[in-house]
Amino acid sequence: MVLRRLAATLLLAGAAVLGAALPASAHAELKSSDPAKGATVAQLPTTLTLTFTDTVTTVVDSISVTGPDSVRWVVGTPQVAGAVVTVAVQPQGPAGPYQIEYRVNSDDGHIVSGAIDFTMAIAAPAPTTTTEEAAPTTSQEVATEAPATTTPPAAQPAAADSGLPKWIWFVVGLAALAAIVVALLARSRRSGPPGPTN
């Protein structure tokens, strides 16, 4: 009888020890995050922080952020300090629902993954590029050069000859010559020899 009680006591003690040891050997889980799950963010975050229950390490593409119309934030390289993972981000996209997806390695070798949903109350500014800034300069250059290529040449002055056409002078000369000839003929007739007298 005493042996049975002793055996039962040992079994209960062993079960208690095993029950206490099992949680200690379980893989890490997400403990908290910033932004928090279900939070509404009124300012554009520059970093994300994920805190786990145990030490973790990151893998390729450990953290990503997606939003409306599948817009994706620019995510930097995660930094790990024990159970805390921080990463720099550049928000993009309109206001609305967003989701953080994470994938890390637990200290016991298990892969821990999940998602954190939150809402952006403001839209991120549209990214600027050097191409867009250069466009006005190109337009101004085209506008400046356009008059030079489309301005018609200045009208050429009329012929330098400001007198009468040459053919008029030719006709006048012929008329004068004809008048001289007629005058000479008339004079020669008047001065001809007199006729015979009776």
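Small disclaimer: the values here were computed from a predicted structure and weren't measured.
Val74 and Val85 fall into different hydrophobic clusters, where Ile, Leu, Val, Met, Phe, Trp and Tyr side chains are chained together by heavy-atom contacts under 4.5 Å.
In terms of heavy-atom proximity, Val41 sits nearest to Pro35 at CG2-CB, 3.9 Å. Considering all non-hydrogen atoms of both residues, Ser64 and Arg72 come closest at CB-NH2, 3.4 Å. In terms of heavy-atom proximity, Leu44 sits nearest to Met120 at CD2-CE, 3.3 Å. Across all non-hydrogen atoms, the minimal contact from Val59 to Arg103 is CG2-O, 3.3 Å. A pairwise comparison of heavy atoms in Pro91 and Ala124 identifies O-CB, 3.5 Å as the closest pair. Scanning both residues, Gly96 and Pro68, for their nearest heavy atoms gives CA-CG, 4.3 Å.
Here the CZ atom belonging to Phe118 is positioned 13.5 Å from the NZ atom belonging to Lys37, to the nearest 0.5 angstrom. Summarising the geometry, atom NZ belonging to Lys31 is positioned 8.5 Å from atom OG1 belonging to Thr53; distances are rounded to the nearest 0.5 Å. The CG atom of Asn105 sits 12.5 Å away from the OG1 atom of Thr55 when rounded to the nearest 0.5 Å. Taking OG1 from Thr58 and OH from Tyr102, the interatomic distance works out to 15.0 Å, rounded to the nearest 0.5 Å.
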- Item | Derivation of the side-chain contact (heavy atoms from CB on, under 4.5 Å) call for Thr86 and Thr47 | CA-CA 7 Å; Thr86 58; Thr47 59; 5.6 Å; no
- Message: Test side-chain contact (heavy atoms from CB on, under 4.5 Å) on Val112 and Leu30; report intermediate values, then the result.
- Response: CA-CA 8 Å; Val112 181; Leu30 181 67; 6.0 Å; no
- Kindly indicate, with the supporting measurements, whether the criterion side-chain contact (heavy atoms from CB on, under 4.5 Å) is fulfilled by Ile100 and Ile63. CA-CA 7 Å; Ile100 303 171; Ile63 299 176; 4.0 Å; yes
- Task: Could you please spell out the steps behind the side-chain contact (heavy atoms from CB on, under 4.5 Å) verdict for Ile116 and Leu50?
- Result: CA-CA 10 Å; Ile116 304 167; Leu50 306 181; 3.5 Å; yes
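Between Thr49 and Val84 there is a side-chain heavy-atom pair separated by less than 4.5 Å.
The 12-atom threshold is exceeded at CG of Asp117, counting heavy atoms of other residues, nucleotides or ligands nearer than 6.0 Å.
A donor-acceptor pair is defined here as one N or O able to donate and one able to accept, closer than 3.5 Å; no such pair exists between the side chain of Ser62 and the backbone of Val104. Not one N or O on the side chain of Asp69 forms a donor-acceptor pair closer than 3.5 Å with the backbone of Val71. Looking at Ser106, its side chain does come within 3.5 Å of a backbone N or O of Ala28 through a donor-acceptor pair.
In this pair, Trp73 and Tyr98 present their aromatic rings tilted. The plane angle is within the 30 to 60° band.
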